[in-house]
2 protein chains.
Amino acid sequence: MSDLSPNELRVLVAVAEEQSFTRAGARLGMTQSAVSHAVRGSERKLGAVLFERGRQGARATDAGLRASTQARHILRLLDSMGSETRGAAERTVTGTVRIAAFRSAAAGLLPEVLDRLAALHPGLHPQVSIVRDVGRGSAGEVLDANADLGITTVPPTSTVPDGLIFNRLYEERYLLAAPAKAADPRRLPLLDWSENCSSYTRRWWTEQDWLPERRIMVEDDSVVLSMVAAGIGMAVMPHLTLAAPPEGVSVTDLGSTAPTRHLGYVTTPALARTLPVRALIRELRAAHAR
Amino acid sequence: MSDLSPNELRVLVAVAEEQSFTRAGARLGMTQSAVSHAVRGSERKLGAVLFERGRQGARATDAGLRASTQARHILRLLDSMGSETRGAAERTVTGTVRIAAFRSAAAGLLPEVLDRLAALHPGLHPQVSIVRDVGRGSAGEVLDANADLGITTVPPTSTVPDGLIFNRLYEERYLLAAPAKAADPRRLPLLDWSENCSSYTRRWWTEQDWLPERRIMVEDDSVVLSMVAAGIGMAVMPHLTLAAPPEGVSVTDLGSTAPTRHLGYVTTPALARTLPVRALIRELRAAHAR
DNA sequence: CGGCTTCCATGAGCACCGCTCATGCAAGCG
DNA sequence: CGCTTGCATGAGCGGTGCTCATGGAAGCCG
């Protein structure tokens, strides 16, 4: 009987996040003493020191970090059990599903998906968080148990972190976005943004017989778009970003050799079996089919 | 407090598999009565009937089937927590960590750190990007999510951008770099470079009884170094830049009043809780201790 | 240096939870 | 009908996990 009770899990998470026994206790509505006892008990059960106690509170050790992340995962599953089982009985999908997505997916893809989802499952409450699609991206959110499903562009396949499952949704083309008024958009500077994963478009550029004269780095893809609308330059952007181009932006297909990227989702095996996540995945796939 | 205890989860799994309260109890080493109580409690907590009781035992309902599946997942995670956390120390950290550093840190400090990191965590892939330590510097890279951790010199403390955490690594002395052949290096022009944060050395200069006759601004600290080697001038440079001085450069300590700068790192609170970043920070600290 | 504050640790005491035990009840079966 | 085989239920009890009170270590500050 060496596994931790839900309360102990909650304590671990709270302490890891608050970096203090006292604050964690306050947050959970229990005394500092109870937290201390609980942590001590958890450490004994797990056989590792989970927090370094010091003058300024408690910092998670590596073991503590792992444990608290795992604890978040477990608590999430425990939390979903109620709606999950009730849903099975009543044939409804209820509860919460937390989605992490990068900005353009959230703007271009999710509204439709969430509309359908809301229509089909009134009791399901999706939560969307925006994550920059760089670094660990949305997969990191899923790994840390901050999200149930992440929308992501295809990572180098070697990089799919263990413990996650990844599936492709569809392939997405890049298009040319230029000011509608521009006579020869190719003479305009190219607007690029940091999130634009180089490998997708860079390779394509090397095969082109024209190159932009200037390149302007911009913070964000939405800024790129409004700059295009203002006539400042042109850009090669994924279809999703251009789903609803603003006034004054003309979008041109780049032909069959256009650069593409793959869109997909990540989640955990356990979450992939839950009703809300399954319903969401179904709608993500359906959205593309239409 | 509506989530199930590990014991209740075990009971659900056992009953679902044994299709009998009595046998489930026997398997778990408890009485049939306890099983009955536990199942009843679970059903109340989840708000659904999990088993159909009948003459020939208990059959899981749809809800019960789903609950017991979920329970198996959770128990598996709980079970793995022990080994997972115990092994945290020896376990290899995997993933990617993106480091932004200014040139001399990348050249003088990182090789050693990355060597150690590679030895300890073969599955961890560090990526280094060189950033000029002016303007927002490496903190900007972290802010823009282009890097997970930035090596930086101490900013004016008021300037730590919110959302970032900054920590000092160590204090670094400035040294005098002069051509080895120079009879009196103090007569040579002072080579300065734009990245050289004025405040560190300017104050020191005001306290000196000698002043350089001329001052030459150079693009970059590496250029400064090769110009010193060529006998063009002398320079006051941080220790890191002079870690491996080229032929013909003699390095002199400036004594206890030497100007210093503080080296540190910036990252975000969320990233600071991830294992790759923590492993990196640990090695950064260890590198100095040696 | 000594009081003060701010952390966490620890022991005693108590309440409640979850177990067992004993028993009840329903349904099939000779 | 008893008898068997299943689950349900209430009483009672022990251990777990909480609070309360207190202790100890470590910075901080005049």
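By convention in this document, chain letters (A, B, ...) are assigned in the order of the sequence lines, proteins followed by strands, and residues within each chain are numbered from 1.
The CD atom of E43(A) sits 12 Å away from the C1' atom of dC8(C) (whole-angstrom rounding). Distance, R40(A) CZ to dT16(D) C1': 17 Å, rounded to whole Å. Rounded to an integer number of Å, the gap from E18(B) CD to dT5(D) C1' is 16 Å. Spacing between atom CG of L50(B) and atom P of dC7(D) amounts to 15 Å, rounded to whole angstrom units. Taking atom CZ of residue F51(A) and atom P of nucleotide dA9(C), one finds them 11 Å apart after rounding to whole Å. Distance, Q19(A) CD to dC8(C) C1': 15 Å, rounded to whole Å. Here the C1' atom of nucleotide dT20(C) and the CZ atom of F21(B) are 17 Å apart, to the nearest Å. At whole-Å resolution of the value, CZ in R53(A) and C1' in dG23(D) are 17 Å apart.
If you check residues 58-77 of chain B against DNA chain C, you find no residue with a heavy atom closer than 4.0 Å.
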Identify the pairs formed between an N or O of the protein and an N or O of nucleotides 20-22 of chain D at a distance under 3.5 Å, and give each distance.
unit_1	atom_1	unit_2	atom_2	d
dC20(D)	N4	S33(A)	OG	2.6

Write out a two-atom table: protein N or O, nucleotide N or O from nucleotides 14-18 of chain C, distance below 3.5 Å.
none

For nucleotides 24-30 of chain D, list the nitrogen or oxygen atoms of the protein found under 3.5 Å from its nitrogen or oxygen atoms, one pair per line.
unit_1	atom_1	unit_2	atom_2	d
dA26(D)	N3	R55(A)	NE	3.4
dG27(D)	O4'	R55(A)	NE	3.3

For this session: Evaluate salt bridge (charged side-chain N to carboxylate O under 4.0 Å, His left out) for D3(B) paired with K45(B), printing each intermediate quantity in order.
Result: CA-CA 7 Å; D3(B) 35 34; K45(B) 286 179 182 176; over 6 Å; no
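Evaluation of the salt bridge (Lys or Arg N to Asp or Glu O under 4.0 Å) rule for R23(A) yields E18(A) as partners, not counting sequence neighbours. E17(B) pairs by the salt bridge (Lys or Arg N to Asp or Glu O under 4.0 Å) definition with R27(B), R72(B), not counting sequence neighbours. Contacts of N167(B) classified as side chain to side chain contact (heavy atoms under 4.5 Å, CB included), with partners at least two apart in sequence or in another chain: Y265(B), R285(B). R273(A) is linked by a salt bridge (Lys or Arg N to Asp or Glu O under 4.0 Å) to nothing, counting only residues two or more places apart in sequence or in another chain. By the side chain to side chain contact (heavy atoms under 4.5 Å, CB included) test, D79(B) is found to be paired with no residue, residues two or more places apart in sequence or in another chain being considered. A search for side-chain hydrogen bond (donor to acceptor under 3.5 Å, both in side chains) contacts involving R278(B) returns D62(A), not counting sequence neighbours.
Heavy-atom nearest nucleotides on DNA chain C were determined for M30(B) and for S20(A), and the one closer to the 5' end corresponds to S20(A).
Under the 3.5 Å distance criterion, the side-chain polar atoms of S42(A) are left unmatched by any main-chain donor or acceptor of E8(A). Side-chain atoms of E84(A) come within 3.5 Å of backbone N or O of L275(A) as a donor-acceptor pair. Checking side-chain atoms of T152(B) against main-chain N and O of S138(B) turns up no donor-acceptor pair under 3.5 Å. In this structure, T85(A) contributes its side chain and M81(A) its backbone to a donor-acceptor pair below 3.5 Å.
Sequence neighbours left out, the pairs with a member in residues 92-101 of chain A that pass side-chain hydrogen bond (donor to acceptor under 3.5 Å, both in side chains) are R98(A)-D148(A). Applying the salt bridge (Lys or Arg N to Asp or Glu O under 4.0 Å) test to every pair with at least one member in residues 31-44 of chain B, sequence neighbours left out, gives these pairs: E43(B)-R53(B).
The number of heavy atoms from other shown groups lying within 6.0 Å of NE2 (H239(B)) does not exceed 12.
The phosphate of dA9(C) (OP1 or OP2) has a side-chain N or O of S36(A) nearer than 4.0 angstrom.
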